[in-house]
Amino acid sequence: MGGLTALVGVVAMFANAILIVFGRDAFLPSGVAGGSGVFATLLLAVCLISVVREDPEALKKSS
């Protein structure tokens with residue numbers, strides 16, 4: 001799950017960088033950049049929730 005999250009995050013970063021450099025709708029629709037960012041954030045939330053469920057003391061250890 002973590003690998004998929006990282007992969008989608010990298011896709012989101014590159015898609016947004018392309019849109020910043022070349023302008024909106026230059027090579028790919030802007031929805032790809034926005035949608036991949038939202039999906040990466042959703043996957044990150046799922047990963048973080050699963051880490052806390054596996055080790056409830058993890059939050060106390062980090063602070």
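Of all heavy-atom pairs spanning Ser36 and Val8, the tightest one is O-CG1, 3.5 Å. Listed here is the closest heavy atom pair of Thr5 and Ala40: CG2-O, 4.0 Å.
By the criterion of side-chain heavy atoms lying less than 4.5 angstrom apart, applied directly or through intervening Ile, Leu, Val, Met, Phe, Trp or Tyr residues, Val21 is grouped together with Ile18 in one hydrophobic cluster. In the hydrophobic cluster analysis, where Ile, Leu, Val, Met, Phe, Trp and Tyr join through side-chain heavy atoms closer than 4.5 angstrom, Phe39 is grouped together with Val46.
With Leu44 as the partner, the side-chain contact (heavy atoms from CB on, under 4.5 Å) test is satisfied by one option alone out of Leu48, Leu42, Thr41: Leu48.
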